[in-house]
Number of protein chains: 2
Amino acid sequence: MMDPADDTLPTNGDRPKSITLKDVARLAGLSPITVSRALHNPKLVKPDTIARVKEAAAAMGYIPNMLAGSLTTKRSQLIAAIVPQLSNSMFAETVQGLNDELSAHGYQLLLSVSNYSRQKEEDLLTAILSRQPDGIVLTGINHHPGVRKKLLATGVPVVEAWDLTPSPIDIAIGFSQERVGEKVAQYLLGKGYKRFASICARDERANRRRLALEAELQQHGMAPIATHMATPPTVMNLGREGLRAILAEGHAPDVVVCSSDVLAQGALIEAQAQGIAVPDTLGIMGFGDFDFAAYTHPPISSVHVDKRAIGVQAARALIAKIEGRPLAGNVVDVGFQLVERATTRTVG
Amino acid sequence: MMDPADDTLPTNGDRPKSITLKDVARLAGLSPITVSRALHNPKLVKPDTIARVKEAAAAMGYIPNMLAGSLTTKRSQLIAAIVPQLSNSMFAETVQGLNDELSAHGYQLLLSVSNYSRQKEEDLLTAILSRQPDGIVLTGINHHPGVRKKLLATGVPVVEAWDLTPSPIDIAIGFSQERVGEKVAQYLLGKGYKRFASICARDERANRRRLALEAELQQHGMAPIATHMATPPTVMNLGREGLRAILAEGHAPDVVVCSSDVLAQGALIEAQAQGIAVPDTLGIMGFGDFDFAAYTHPPISSVHVDKRAIGVQAARALIAKIEGRPLAGNVVDVGFQLVERATTRTVG
DNA sequence: CTGTTAGCGCATTCAC
DNA sequence: GTGAATGCGCTAACAG
């Protein structure tokens, strides 16, 4: 749908040649370096010189060229982040937290999305490194081999977010996927559930939670009766399809564990569409404690993670490291909490 | 919660001095410029020279310094975007679309969040411009005066997204807020609603939709009986508070129009908490057609906007302009659709 | 407090 | 095909 009213091509095409420090210096009758100092290091310059500079700069609409600046200082004030997905995910909140904290400290965010592909993550990293970021945030701890190598070679501060490992590339800020899986298993076993199914995104962390859950089940002599894998991006409908597939295969689980509340909501809707009572006939467990989870009917039992805090803490750790301040530790566990709502209940 | 297991500070602090084009050239026995061409302009170089270069580059783990490159070429392959909010908003999807399309064309995204503040937007813009982006995406058409001035002075391609205007800074891609307001008013009047209330975020676009709705009501001899303004960030609870406030003031609307589905969900929950039947006693209208809107109980009537498409089209328009390809027009209306669900119904 | 010199790493321009 | 010289815009290091 084009608006027919206005199809004149604005001809601001040829960019006005940019005005530089030298231009401002000439106007102010000073040397370029003095202008530079007046703008970035006022303490070294006489107050009225500063005033003269600011006036000249404002008059000419001077905008510094940070590319040139960073080329000499080797500081870009740029932090790059790679997340698997933005829409429909928990990462938007982490990115918002990251950005807020960075912004408050004068840093800017270069954002990339890997679509859950390790190869894509590596390609993005190469492009990112060429911009000389002061710090990098990666999602997860499982990367293409080249990633760790490149990162160690450049020596940029790195946070691996949303997971934990005893041997991070540099810093890890997240929580243990395994402990989530165990805790969920223990909780559901305690509730009396016996026939476990799962709907799990093809995502490394989700899968590790699932495996830990299965391991814990086996410790109690049980095994999952059905697993459905869903290919990201994680959208609600994949949860519907997942439950439909499990039931179509003839399984009759008494609880289905989903790797995301988004999938859990889908499973819930499918159950209701098929006339299966939740939680009476089927329990449903989600993950992520999305905003909507508390307001579905019935509300979804889930695992809460402070998504925003992960971003904020990642920013703080990077900035500390960049500025040479010591870190309390290079592995930060932000924890998680199981949130019991109404899609699970005590059985029999 | 710190993990006590590992508190050794990794001493990769002193960054290894980066290896440059010159280093690769030396190893390959060539001049730097030949290496540069082999990497970026292979047609100008003999095939086996290219091979030699690639080998040397790989052996040394060479990563180009794009700051230096961009300084001479005046092309940064960087697009900057400013959105009002990321979490709980429609903009995550737009950003995802923008990023996907940019990434496919070799551009990267510099992302900033303005928190709905015009002043913050301007400050961010200054920082952004200093990085010499090849294009910029702003949200909305109403900016601090300095924004338009700076943008016109530098001549960067700009997309104003999520709104329409006959006089964009450069390009506008969005839909008419006014027409949304009118359309919603007409729809609800057609349904027989008579006592209108609204819960509206303190956000320029939301407010223009509200004003257009009121104008249309007046055309039909009606006026809203109550308005509640909510300060962003837009979270569900503000919708609850909004409806509670309106009712506490003694108003008895038969329909409440919300500037976002997030607020609408809050209003719905509050209504149910107070035992007010939706839609029988109170109608609720949302905006944005968020994923969850179709799955609340009852599902929320809303206005659908293709959030992702706005991002994708913004990317395409910028890239076209950067590469000197002509645009079909500088105002693109992506339209919207009213989606009738179950929080509204035909009244008596 | 201010200026001079030099160089960051790369690509454009012009040679060969 | 390849190379040498030059400059992008800025700031570090050293003067004065």
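Numbered from 1 within each chain, the chains take letters A, B, ... in sequence-line order. Given the structure is predicted, the values throughout are model-derived calculations rather than measurements.
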For every nucleotide of nucleotides 10-16 of chain D, 5' to 3': is a protein heavy atom under 4.0 Å from its base (B), only from its sugar-phosphate (S), or from neither (-)?
BBBB---
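Using a 4.0 Å cut-off, no side-chain N or O of Thr34(A) falls inside it from OP1 or OP2 of dT2(C). Using a 4.0 Å cut-off, no side-chain N or O of Thr49(A) falls inside it from OP1 or OP2 of dC1(C). Between Ser31(B) and dA4(D) there is no side-chain polar atom (N or O) within less than 4.0 angstrom of OP1 or OP2.
Ion pair Arg118(B)/Glu204(B) not flagged as a salt bridge, since none of the NZ, NE, NH1 or NH2 atoms sits closer than 4.0 Å to an Asp/Glu carboxylate oxygen. The pair Asp23(A)-Arg26(A) counts as a salt bridge, with a side-chain nitrogen and a carboxylate oxygen less than 4.0 angstrom apart.
Taking five base pairs at each end of the helix from dC1(C)-dG16(D) to dC16(C)-dG1(D), the local helix axes there meet at an angle of 30°, rounded to 10°.
In this structure, Arg52(A) atom CZ and dC1(C) atom C1' are separated by 12 Å, rounded to whole Å. Regarding Leu71(B), its CG atom lies at a distance of 4 Å from the C1' atom of dC8(D), rounded to whole Å. One atom, CG of Leu67(B), and another, P of dC8(D), lie 18 Å apart when rounded to the nearest Å.
The main-chain N or O of Ile79(B) is never found under 3.5 Å from a side-chain atom of Asp134(B) such that the two would form a donor-acceptor pair.
Residue pairs meeting the side chain to side chain donor-acceptor pair (under 3.5 Å) criterion with at least one partner in residues 34-47 of chain B, sequence neighbours excluded, are Ser31(B)-Thr34(B).
Leu44(B) comes within 4.0 angstrom of a nucleotide base, judged by non-hydrogen atoms across all strands.
Within the 4.5 Å cutoff, the side chain of Leu86(B) has heavy atoms near those of the Leu111(B) side chain. Put simply, the side chain of Leu138(A) reaches to within 4.5 Å of the side chain of Glu121(A), judged on heavy atoms. Side-chain contact between Lys74(B) and Gln132(B): absent, with no pair of heavy atoms (C-beta onward) separated by less than 4.5 Å.
Rounded to the nearest 0.5 Å, atoms OG1 (Thr139(A)) and CD (Gln85(A)) are 11.0 Å apart.
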